[in-house]
Amino acid sequence: MVHVDPHKAGAVPAIELTGATKRFRTPSGALHTAVRELDLTVAPGEFVAVVGPTGCGKSTTLTLVSGLEEPTEGEVRVYGEPVSGINEHVGFVFQQDAVFPWRTVLSNVMAGPRFRGVPADRAREKARDWLSRVGLSAFEDRYPHQLSGGMRKRVALAQTFVNDPRILLMDEPFSALDVQTRALMSDQLLELWAGTGSSVVFVTHDLDEAIALADRVVVMTAGPATVKEVFTVDLPRPRTVEAVRLEPRFVELYREIWASLGEEVRITRERGAGRAA
C-alpha cells in the first residue's frame, strides 16, 4: 500500500486554521460562539480524526474548511490559499446520505463529474470504476431506496472519490450503521483512501473508530470548541479495524485519549444538568 508521508518537510499544509472563531446569531438575537480561537493544521495525505463532546462545534469546524461557512475571526487556508466559497477540490461526506432518490446508483455517482463539466462518456467510465472499487457494479441500475444502509454509504464514498478530492471531510458518516457494517465501512474507507494522497478530517463520537482510522486524534474542548490536545496514533499501516483494536498499543492510546476527552464530556453533562435544574 502506498501512503503519503503526512509530515514531509517543507510541505504546504493541506488545511490550516489559525485563530478561527465562528459566532452565530440565535433566534432570540443573542450571539452563540460555536468555535473559538481554533488552531489546527492537517498535512497533505494525513488522516486526522476529531473527537469531542456532543454539540461542541466539531461539525462547524468542517463547514469552515469546506467554505460552507466563513469564520467570524481568524483564517482558514487550504493548500496555502484563503478559503473563499466552496472549493471544488474538497469532498464532504455527511451523516445523512446525500443521494438523489430519483437517480440510479450510476447516475448518482456520475452527477459530480457531470456538474464539473466532464463529458458523459468519461463521467460514466469514472463512475463505473469507482462503483467497482466499492463493490457495487452489479447495482448500478438500482435506486437508493433499494439499497441497504451500508450500500448507500458505499455509494456516498464513490460519489466523493470519483471527483478526485484533495481534501475529504467526513461528518460522522458511519454513525447510523450497525457495528459490523460500520467496521467493514471503516476498512473500505482506508482501502479507498490509501495512495490517493488526499487529506481526511473525520469527525466522530466513537473513540475506537478515531484511533483505528487516524494518523492523529484531535480532542476538542466542551463548546465553544477549540483544540485541547492532539495525539499521534503510532500504529502501523495498513490496518484493519478489528485487528488493530487487539493491539496493546491501541488500548494504551484509548486510555490516554479518553483521560483528556472524558473531562470535556463531563463538563458538557454538568452544563446540561445545570440548565435542567
Side-chain angles (χ1 to χ4, degrees), residues 1-6 42 45-51 62 91-99 105 108-109 127-140 142 144 147-218 231-254 257:
M1 181 186 80
V2 178
H3 180 58
V4 177
D5 181 358
V42 179
E46 186 176 23
F47 198 125
V48 172
V50 178
V51 296
L62 295 187
F92 208 136
V93 180
F94 298 91
Q95 186 173 359
Q96 300 297 323
D97 300 325
V99 294
V105 166
N108 264 289
V109 180
R128 282 183 168 148
D129 174 48
W130 278 101
L131 285 174
S132 175
R133 297 191 201 193
V134 299
L136 290 177
S137 293
F139 297 87
E140 68 173 43
R142 305 291 176 87
L147 305 178
S148 68
M151 293 168 77
R152 287 196 298 272
K153 283 301 175 186
R154 283 189 270 162
V155 173
L157 291 179
Q159 280 180 304
T160 303
F161 279 106
V162 75
N163 295 314
D164 304 314
R166 299 179 72 188
I167 291 172
L168 181 57
L169 308 176
M170 309 189 77
D171 192 359
E172 297 189 70
F174 307 145
S175 61
L177 302 177
D178 63 78
V179 173
Q180 291 84 2
T181 304
R182 189 167 184 161
L184 291 172
M185 288 304 307
S186 294
D187 286 340
Q188 183 148 57
L189 171 60
L190 290 177
E191 184 179 338
L192 295 174
W193 166 69
T196 64
S198 299
S199 302
V200 181
V201 182
F202 189 102
V203 165
T204 179
H205 281 99
D206 187 330
L207 186 51
D208 275 25
E209 184 176 59
I211 299 168
L213 292 173
D215 296 311
R216 289 189 297 150
V217 175
V218 176
F231 297 84
T232 297
V233 179
D234 51 355
L235 294 167
R237 295 190 187 275
R239 300 176 194 161
T240 58
V241 170
E242 293 305 323
V244 79
R245 285 173 174 164
L246 301 176
E247 295 287 336
R249 179 58 181 150
F250 183 97
V251 178
E252 291 174 5
L253 283 165
Y254 189 99
I257 300 172

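The first residue of the sequence shown is numbered 1, and numbering continues consecutively from there.
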Fill in: Backbone N/O of G45 and side chain of S199: donor-acceptor pair under 3.5 Å
yes
Practice prompt. Return the set of residues passing ring-ring contact (aromatic ring centres under 6.0 Å, His included) with F92 (not counting sequence neighbours), or none when no residue passes.
Written response: F94
Practice prompt. Identify the heavy atoms of A214 and V233 that sit nearest to each other, and give their distance.
Written response: O-CB, 3.3 Å
Fill in: Mutual orientation of the aromatic rings belonging to W130 and F161 [parallel < 30°, tilted 30-60°, perpendicular > 60°]
parallel
Worksheet item: Say you draw a straight line from CD of E140 to OG of S132; how long is it, rounded to the nearest 0.5 Å?
Response: 10.5 Å
Discussion item. Minimum heavy-atom separation for V93 and P173, please, with both atom names.
Written reply: CG1-CB, 3.8 Å
Discussion item. Could you tell me if the side chain of I211 sits less than 4.5 Å from the side chain of V244, heavy atoms only?
Written reply: no
Practice prompt. Quick one: pull up CZ in F202 and CG in D171 and give me the separation to the nearest 0.5 Å.
Written response: 9.5 Å
Worksheet item: Between atom CG of L168 and atom CG of L189, what is the distance when rounded to the nearest 0.5 Å?
Response: 7.0 Å
Item to complete: Please confirm whether the backbone N or O of A158 pairs with a side-chain atom of R133, one donor and one acceptor, at under 3.5 Å?
Response: no
Worksheet item: How long is the span from the CG atom in L253 to the OG1 atom in T232, to the nearest 0.5 Å?
Response: 9.0 Å
Discussion item. So which atom in E209 and which in S186 form the shortest heavy-atom distance, rounded to 0.1 Å?
Written reply: OE2-OG, 3.8 Å
Worksheet item: Between R239 (side chain) and A212 (backbone), is there a donor-acceptor pair under 3.5 Å?
Response: yes
Worksheet item: What are the two closest heavy atoms between G91 and T160, and how far apart are they?
Response: CA-CG2, 4.0 Å
Worksheet item: Would you say N163's side chain and P165's backbone share a donor-acceptor pair under 3.5 angstrom?
Response: no
Response to the item:
Between the CD atom in Q188 and the CZ atom in R154, the distance rounded to the nearest 0.5 Å is 6.0 Å
Fill in: Check: F174 main-chain N/O paired with K153 side-chain donor or acceptor under 3.5 Å
no
Worksheet item: Of V109, L157, V155, which meets side chain to side chain contact (heavy atoms under 4.5 Å, CB included) against L136?
Response: V155
Worksheet item: Are F139 and L147 close enough that some pair of their side-chain heavy atoms sits under 4.5 Å apart?
Response: yes
Worksheet item: Under the 3.5 angstrom rule, does the side chain of D206 hit a backbone N or O of S175 as a donor-acceptor pair?
Response: no
Worksheet entry | Nearest-0.5 Å distance that lies between atom CG in L62 and atom CD1 in I167 | 11.5 Å
Practice prompt. Report yes or no: does D215 contribute a side-chain atom to a donor-acceptor pair with the main-chain N or O of V48 at less than 3.5 Å?
Written response: no
Worksheet item: Are the side chains of L190 and L213 in touch, meaning some heavy atoms are under 4.5 Å apart?
Response: yes
